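One structure below.
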There are 2 protein chains.
Amino acid sequence: MPEDAEQLLRQHGITVTAQRLAVLRAVTEKPHRTADDLAEAVRSMIGAISRQTVYSALQELAERGLIRRIQPANSPARYEDRIGDNHHHLICRNCGAVVDVDCPVGAAPCLKPCDDAGYAIDEAEVIYWGRCPACISDAGATAQRNSDPTNHS
Amino acid sequence: MPEDAEQLLRQHGITVTAQRLAVLRAVTEKPHRTADDLAEAVRSMIGAISRQTVYSALQELAERGLIRRIQPANSPARYEDRIGDNHHHLICRNCGAVVDVDCPVGAAPCLKPCDDAGYAIDEAEVIYWGRCPACISDAGATAQRNSDPTNHS
DNA sequence: ACCAAAAACTAGACATTGTCCAATACTGGA
DNA sequence: TCCAGTATTGGACAATGTCTAGTTTTTGGT
């Protein structure tokens, strides 16, 4: 099975290493996790990885377009492998859970501002903020931030 | 002139202090600045202010709805006093310049996702990413990040 | 297979942004 | 004016990410 991933990396001009394969797999297995969570996941796959390597692997993968980094306010960056379809995100203000939502419009940039002020716009990033079903039913009582802000898509 | 601002704070249930007046004035004078920039501005008004006070003043003002905090990726939080009109932002990937853009739709939440996944959505945050006119004409040559990512609206 | 060059990995120090806390100073109402 | 309640301050701390120098691994040619 690792064949596929190896091919993928090579096709994108990325040299193949155990660390990068594991990082990519971790992102794929459960999207919207933080660098730290991913490092943990990778450790359970290959035993050990340094923090720095996780960061550089994620950066490399993101630069080459294999994964996408999302950086919600009040949260460390998160990563996902669903790319190229211009979807957006819905984030719970209370627990930080992230879910994907399809773009209501279409291809990027999915929105054009009335006045672009001379900017060359390449992306319209949309984040919907609200409360997730779990936090709504918890009625703001015991709910804390960061219960499991990941694979809710 | 400070009369107005004092009234404003009192009306919003905020106790009036020299620091808060200065912070509010700093935000108003030049929007989209960071806490650090604002601290500098305040110091030139009233001589001195602690970092912590700037942060708590900004938080207080934001909570009471007098100012709004925006937190673009790869940038410290920025603050603006234009509130209640659901406008969005256009940010230069190269220099970080921020400009306001009017919401192409109207009142918040200005967009409804097709599938809200059971979330109670209260805001759709839109950030347009691109390159500002200055960075376009600099043709990626000498341009560095953070030339003056502020009052370009 | 082997070797050299290039690239990636690692650990640790460092940078930035923001928060916590306890002591002191100020504000607003009686 | 005095007092209780707030706000301010500075210093330590926390979270996330980056830099760097040295070591290890991968790659491509023999």
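Letters A, B, ... are given to chains in the order of the sequence lines, protein chains preceding strands, and every chain is numbered from 1. Since the model is a prediction, treat every value here as computed from it, not as a measurement.
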Helix axis bend for the helix from C/dA1-D/dT30 to C/dA30-D/dT1 - C1'-based end axes, five pairs, 10° rounding: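 So the angle between the two local helix axes works out to 30°.
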Which heavy atom of [X] sits nearest to which heavy atom of [Y], and what is that distance?
| X | Y | answer |
| --- | --- | --- |
| A/V23 | A/L61 | CG1-CD1, 4.1 Å |
| B/Y79 | B/A35 | CE1-N, 4.2 Å |
| A/I70 | A/V98 | CD1-CG1, 4.3 Å |

Between CD on residue A/Q11 and CD on residue A/Q7, distance to nearest 0.5 Å: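 Those atoms lie 6.0 Å apart.
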Value rounded to 0.5 Å, distance of CD1 in A/I91 from SG in A/C132: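 Reported value, rounded in 0.5 Å steps: 12.0 Å.
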A/D102/A/R82 salt bridge by N-O under 4.0 Å criterion: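 A salt bridge is present here (some side-chain N lies under 4.0 Å from a carboxylate O).
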Residues A/D122 and B/R93 bridged, charged N to O under 4.0 Å: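 The answer is yes: the pair qualifies as a salt bridge.
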Exercise: do [X] and [Y] side chains pair donor with acceptor under 3.5 Å:
| X | Y | value |
| --- | --- | --- |
| B/H12 | B/E60 | no |
| B/R10 | B/T15 | no |
| A/D100 | A/H88 | no |

Interatomic distance where CD belongs to B/E6 and C1' belongs to D/dA7 [whole Å]: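 So the two atoms are 15 Å apart, to the nearest Å.
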Sugar-phosphate or base contact per nucleotide [nucleotides 24-30 of chain D; S, B, -; heavy atom under 4.0 Å]: --SS---
Sugar-phosphate or base contact per nucleotide [nucleotides 10-21 of chain D; S, B, -; heavy atom under 4.0 Å]: B-B---SBBB--
side-chain N/O B/R20 vs D/dT6 OP1/OP2, d < 4.0 Å: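 So the side-chain polar atoms of B/R20 never come under 4.0 Å of the phosphate oxygens OP1 or OP2 of D/dT6.
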For A/E125, salt bridge (charged side-chain N to carboxylate O under 4.0 Å, His left out) partners two or more places apart: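 Once residues adjacent in sequence are excluded, A/E125 has no partner under the salt bridge (charged side-chain N to carboxylate O under 4.0 Å, His left out) criterion.
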Atom pairs and distances, side-chain donor-acceptor, residues 42-51 of chain B, under 3.5 Å, sequence neighbours left out:
unit_1	atom_1	unit_2	atom_2	d
B/R43	NE	B/I49	O	3.3
B/R43	NH1	B/E40	OE2	3.1
B/R43	NH2	B/I49	O	2.9
B/S44	OG	B/A41	O	2.7
B/S50	OG	B/T53	N	3.1
B/S50	OG	B/T53	OG1	2.8

Main-chain N/O of B/K30 paired to B/R33 side chain as donor or acceptor, under 3.5 Å: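 Such a contact is found between B/R33 side chain and B/K30 backbone.
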First-last contacting nucleotides on DNA chain C - partner chain A, under 4.0 angstrom, heavy atom: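 Contacts span C/dA7 to C/dA13, reading 5' to 3'.
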